Amino acid sequence: MDYDFKSIEAKWQKKWAQDGTYKVKEDSSKPKYYVLDMFPYPSGAGLHVGHPLGYIASDIYSRYKRLRGFNVLHPMGYDSFGLPAEQYAIQTGQHPEVTTTANISRYRQQLDRIGFSYDWSREVRTCDPGFYKWTQWAFLKMFASWYDPDADKARPISELVKRFETTGYGAVTPETWKAASEKEKSDILMGYRIAYQAETSVNWCEGLGTVLANDEVKDGLSVRGGFPVEQKKMMQWQLRVSAYAERLLKGLDTLDWTDSLKEMQRNWIGKSQGTEVVFNTECDGKTVPVTIFTTRVDTIFGVPFMVLAPDSELVPELTSAAQKDAVEQYVKEVKKKTERERISETKSVTGVFSGSYGINPLTGEKVPVWISEYVLAGYGTGAIMAVPAHDSRDYAFARKFNLPIVPIIAGCDVSEQSFDAKEGKMCNSGFLDGMDVKDAIEAAKDYAEANGLGRRKTNYRLRDAIFSRQRYWGEPFPIYYKDGIPCPVDEKDLPLELPEIDSYKPTGEPPLARAKDWTYKGYPLETSTMPGFAGSSAYYLRYMDPHNDGALVSGEADGYWRNVDLYIGGTEHATGHLIYSRFWNKFLYDLGYVCEDEPFAKLINQGMIQGRSNFVYRIVGTNKFVSLGLKGNYDTTEIHVDINIVHNDKLDLEAFKAWRPEFNDAEFILEDGEYVCGWAVEKMSKSMFNVVNPDDICNTYGADTLRLYEMFLGPIEQSKPWDTKGIDGVNRFLRRFYKLFYDRDNFIVTDEKATPSELKALHKLIAKEQEDIENFSYNTTISAFMIALNDLGNCHKKEILEPLTVLLSPFAPHIAEELWHSLGNATSVCDASFPQYDAALTVEDTVTYPVQFNGKMRFTVDLPKSASVAEVEAAVRAMDQTAKYVGGQSIVKVIVVPGRIINIVVK
RNA sequence: GCCCGAAUGGCGGAAUUGGUAGACGCGCCGGACUCAAAAUCCUGUGUCCCUCAAAGACGUGCCGGUUCGAUUCCGGCUUCGGGCACCA
């Protein structure tokens, strides 16, 4: 019988499920290893061949670590709250839970076919009340905490209240605190809570009827759905992520992540060190201090004007009576624009004069204050000093409104554009004149601080996360309103379950506002729900202890599993999930609920698998199709053709005619008797007929072939197109492997002793696999496997085949399990040990001696292992002839040889 | 515009610290088995020159540099991919 993957895979998948082969428990006798995949959002489309790429990679690593004696936690679950299910519910009226559950079972079926070693008893779903109880619990903890800058960590808010009562803190004295009403106290505390409510400018998406976080918006459109997004002021729940900016930045240095991913997070956090300077500003006779933020105080002598953000709170105060109408008109226009319009109009410059004048604290000069949308209220102080000569945005503004441009770096040309580089010598700058720009930056900062004109200040681009969504399918907030004061639901009453509603259609108010009896202790409950990232922020902790009803994770489970050792997922979460998760974890760490500060020690981003589309070329106005090589002779239209009726870029003509009624009577112009299709790499999508379903591959070739082939395609981090045509190679490999054990139905493994060359082939592979898996270079491991098989020829010896089976098991677990049992083993191959590498068995017959001349030039000489010193010398002398010939020089002094050093002098 | 990353045969991709470029696989050419096909096995396969072979020349996106020697290091480009984008 040939390699019958179908029955083998079905048999072992069933057995693994029955025996609970992949269940894990805390076991202090073994070192732990936690391998995590980013859990999927179960969409209606099911999995295509690109999704399992990362899952296969992590599964190989998990199985490998297990063979190396680690107790491996490898769980899976579903990120099952989210917009698509709700959008679908709006269209069809079906409850999101129904579609979500159906999608999950489809995902599970597809995943199961691939043979993953997940411990499914630990599965989590973010929409499960038993799970979101802990999402709500964490929110309550954040509500009841503040960030203490002195301790540099989150502390219970009760400690802050005590400070208010006794010593006072910030602007609050014991007296003011005592005198404050309940509502006032609540408002004061809102300014400190980690989870707080505040009016803020948000990304409002009318199409979705909800607000969105910055990372849910791209190019002014919602990532989900692609609806336009506009700015709007609203009362929203927020998470004080910005308090953690510095720790999120510093923590990156301790992580084993790729540099590009760390760089993305650094950019997103956007630390910038500068100075705040106060410009006293005169407006209709009164003086208002305006604080600006700049990283270039050294350019303060080149400031001909200042600019305010249109939505800055200072705008009304700094608008003169004469300019009032113009300013109000401008601010109104800016507000009307959507985010998308603002972006598309980046090139055009707008603004209005406020009527007030700021006084440069260094020069005493009076400069006009303008208002323009290129200054953002949310960053720095919402006000800037403009340096048109040395900042391109200020330059464009100055040009547009004919404002002066004052260069303060000697010799630079600002007639066409600003000079933004930090190089050259200062001029027109008082005490800074003649200094190098880099020195001037520091000198100016020192001067400003020493003279009380400003102070050093660090700003971050990272904003607090907007945490409210005006949607249905998410976690309800455990918050109720008592006389307008937000109060926490008692912890013992969690989970606060999502209520039923009669319709999902957006009506302008949040769906939960329509829920019946949406009250707590007789008071109304919060009607918005939490965003998608809420449930995914701490799910990795829940896997450690998924059924614990008394805690998110017990101290024992957390103390054993600690954090994720290896996290595999897509790079699209670089600035969303991976920031929020780190924040969430650090918060829990501050309060002592978890023992590790960083959740994901090592992270690998798998590349995307793109589709490979095929095309046929129809001659315009006919139903005639011309093969790729001949299409230049005709006027043709390119048409996507289903890749399932194309093999190795050759079109199956009959299948094509049957594919679509309009092609029934198609005619073809062939080359060499065949129709060759064109191809292109595109996103995998239904509309391009290039989706490859893993189920189909499993049916045709088997799960082991799919696993092997996805890894063989290339380095895991790289994006690459799926092309089924190479899959025969790895399938052939598995069949050859099987044939080492079986000739037809006969089991042909022998107890014969292995020869040195067979042992060498085996141990070379052991060394290679060990090294490659640790480096996630799976494609070369598979190559090494094929080489080993070529080297072994027709070896049927158990001494070789048994370790070989173990080596194969992380990649192709089903066939390995089958063959492992055929060798008489009773336990699963995943409980075997990784073969011990013996370097002595792989020693080459010849030794390569590196030879150095003058400690610089290097050659190598290949000699038998047994070569004597004299033979080595002779070889090196011969080598030197070459050196003379090639380089025209010869000064040979030292030869270094592994194990011995021979001195040799050639004249 | 700014910041990362990449570029190697017909294709996916290999190549320790600079040391025989093209491993392994696909595809293709030829052969064996077969009435035939599929499957399987064997051989060849970077390009150019040549009837063939040998020999030779060229060859890791482009230009230049360092070196006896560069896919690898340095400088300058080009193209593609990804991220950020009025962040003062």
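A, B, ... follow the sequence lines: proteins, then strands. Residue 1 opens every chain. Predicted model only: the values in this text are computed from it and were never measured.
C11(B) sits 15 Å from A23(B) when the P atoms are compared, rounded to a whole Å. Comparing G56(B) with G5(B), their C1' atoms are spaced 40 Å from each other, to the whole Å. Comparing C84(B) with C77(B), their P atoms are spaced 26 Å from each other, to the whole Å. For the C1' atom pair drawn from A39(B) and U47(B), the interatomic distance equals 34 Å after rounding to whole Å. Rounded to the nearest Å, the gap between the P atom of G31(B) and that of A37(B) is 12 Å. For the C1' atoms, the distance from U78(B) to A53(B) is 41 Å, rounded to whole Å. Comparing the same atom, P, in A38(B) and in C29(B) gives a spacing of 12 Å after rounding to whole Å. Taking atom P on both nucleotides, A70(B) is separated from U20(B) by 12 Å, rounded to a whole Å.
In this structure Asp256(A) satisfies the side chain to side chain donor-acceptor pair (under 3.5 Å) test together with Lys602(A), sequence neighbours excluded.
Using the six-membered ring where Trp is involved, Phe737(A) and Phe785(A) have ring planes that are perpendicular, over 60° apart on the 30 and 60° scheme. Between Phe293(A) and Tyr379(A), the angle of the ring planes goes over 60°, which puts this pair in the perpendicular group of the 30/60° scheme.
Ranked by how close their nearest RNA chain B nucleotide is to the 5' end, Glu263(A) and Gly380(A) are led by Glu263(A). Sequence order on RNA chain B of the closest nucleotides to Glu771(A) and Met786(A) puts Glu771(A) first from the 5' end.
The nearest whole Å value for the distance from the CE atom in Met608(A) to the C1' atom in G5(B) is 16 Å. In this structure, the CD1 atom of Ile716(A) is 15 Å from the C1' atom of G13(B), given to the nearest Å. The interatomic distance linking Ile269(A) (CD1) with G83(B) (C1') rounds to 15 Å, in whole Å. Spacing between atom NZ of Lys720(A) and atom C1' of G12(B) amounts to 10 Å, rounded to whole angstrom units. Rounding to whole angstrom units, NE2 of residue His573(A) and C1' of C84(B) are separated by 18 Å. Following rounding to the nearest Å, Met711(A) (CE) and A14(B) (C1') show an atom-to-atom distance of 18 Å. As a whole-Å value, the separation of Asn775(A) CG from A15(B) C1' is 15 Å. Distance Lys725(A) NZ to C26(B) P: 12 Å, rounded to the nearest Å.
Side-chain contact annotation: Asn775(A) with Ser777(A), donor-acceptor N/O pair under 3.5 Å absent. Side chains of Ser272(A) and Asn459(A): no donor on one and acceptor on the other come within 3.5 Å.
Nearest nucleotide to the Phe712(A) side chain, out of A88(B), G25(B), U40(B): G25(B). The nucleotide whose nearest atom lies closest to any side-chain atom of Ser272(A) is, among G27(B), G25(B), A88(B), A88(B). With A14(B), C24(B), C4(B) as the candidates, the nucleotide lying closest to the side chain of Ser260(A) is C4(B). Here the nucleotide nearest the side chain of Trp268(A), chosen from U40(B), C24(B), C84(B), is C84(B).
For G13(B), the OP1/OP2 oxygens have a side-chain nitrogen or oxygen of Gln718(A) closer than 4.0 Å. Checking the phosphate oxygens (OP1, OP2) of C24(B), no side-chain nitrogen or oxygen of Asn790(A) falls inside 4.0 Å. An OP1 or OP2 oxygen of A88(B) is reached within less than 4.0 angstrom by a side-chain nitrogen or oxygen of Tyr379(A). Between G25(B) and Arg732(A), no contact under 4.0 Å exists linking OP1 or OP2 to a side-chain N or O.
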(message) Just to be sure I follow the notation: if a pair is Watson-Crick (purine N1 to pyrimidine N3 plus N6-O4 or O6-N4) or a G-U wobble (N1-O2 and O6-N3), each under 3.5 Å, what dot-bracket string does RNA chain B give, with | for pairs to another strand?
(response) (((((((..(((......[....)))((.(((.......))).))(((.......)))..(((((..]....))))))))))))....
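Within 4.0 Å of Ile787(A), counting heavy atoms only, lie sugar-phosphate atoms of the nucleic acid but no base atom. Arg736(A) comes within contact range of the sugar-phosphate backbone alone, with a heavy-atom separation under 4.0 Å but no base atom that close. Using a 4.0 Å heavy-atom criterion, one finds that Asp723(A) contacts no nucleic acid atom at all. Across all strands shown, Asn267(A) has no heavy atoms under 4.0 Å from either base or sugar-phosphate atoms. Residue Pro721(A) is classed as having no contact, given no heavy-atom separation below 4.0 Å to the nucleic acid.
Looking only at distances, no side-chain donor or acceptor of Ser242(A) sits under 3.5 Å from a matching main-chain atom of Arg463(A). Of the possible polar contacts, none joining the Tyr778(A) side chain to the Ile773(A) backbone as a donor-acceptor pair under 3.5 Å is found.
Ion pair Arg266(A)/Asp253(A) flagged as a salt bridge, since at least one NZ, NE, NH1 or NH2 atom sits closer than 4.0 Å to an Asp/Glu carboxylate oxygen. Between Arg732(A) and Asp728(A) there is no salt bridge, since no side-chain N of the basic residue sits under 4.0 Å from a carboxylate O of the acidic one.
The glycosidic torsion of G30(B) lies more than 90° away from 0, placing the base in the anti range.
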(request) Could you check Tyr742(A) against Asp2(A) for side-chain hydrogen bond (donor to acceptor under 3.5 Å, both in side chains), going step by step and ending with a plain yes or no? (result) CA-CA 8 Å; Tyr742(A) 288 98; Asp2(A) 274 349; over 6 Å; no
